[in-house]
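Report on the structure given below.
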Amino acid sequence: MQILLVEDDHALAKALLQALQQQSHTVNAVSTGAAALHIIQTETPDIVILDLGLPDIDGIDVLKKTRKKHTDLPILVLTARSELDDRIIGLDSGADDYLAKPFEITELFARLRVLERRISNVKSTDIRINNVILDSNNNSVTLDDKELELSRKEYM
Ligand code: CA
């Protein structure tokens, strides 16, 4: 997956970057809200991991701005603000999940897997055009409910 990591704590960002790359993710790491908003606009990552305490724009504002334009983009909020009120504000502002620092890297991975499953569920929707259905999950095409035998090239 293409992950955008927004974290201004360089030591933590570096550790997370390495751990995520070991899980075969492509990671773009930035340390400011402005850089995060720019990348979300230009590259649209699959998932955003967002720290709330950023040096320029408050993470909550980054969250709200992003949510206005990208309603389906999964956002996992990462923060030292573990108070209940902050969690509620984060979730109300459009975060899909919330992880309070300090956390175990395995818990972060588990939560990313949940978001990843949600993305693949969204992406697996059949494409229907009249009596033709294309299932991008099994790479199959049916015509009038009968599966067509297609070579890979024909399917493409
Ligand atoms: Ca921070």
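Atoms within a ligand are numbered from 1 in the order they appear, just like the ligands themselves. Predicted, not measured: the structure shown is a model, and the values here were computed from it.
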Around the Ca ion (ligand 1), what protein N, O or S atoms are found below 3.0 Å? Asp8 OD1, Asp51 OD2, Gly53 O
Residue Asn131 excluded, over 12 heavy atoms near CG under 6.0 Å: yes
In terms of heavy-atom contacts, does CD of Glu149 have more than 12 from other residues, nucleotides or ligands at under 6.0 Å? no
Is it true that, when you exclude Glu104 itself, more than 12 heavy atoms of the residues, nucleotides or ligands shown sit nearer than 6.0 Å to its CD? no
The reported gap from OG1 in Thr26 to CG in Asn28 (rounded to nearest 0.5 angstrom) is 9.5 Å
Ionic contact status for Glu7 with Lys101, cut-off 4.0 Å: yes
Exam field: side chain Asp58 to backbone Ile60, donor-acceptor pair closer than 3.5 Å: yes
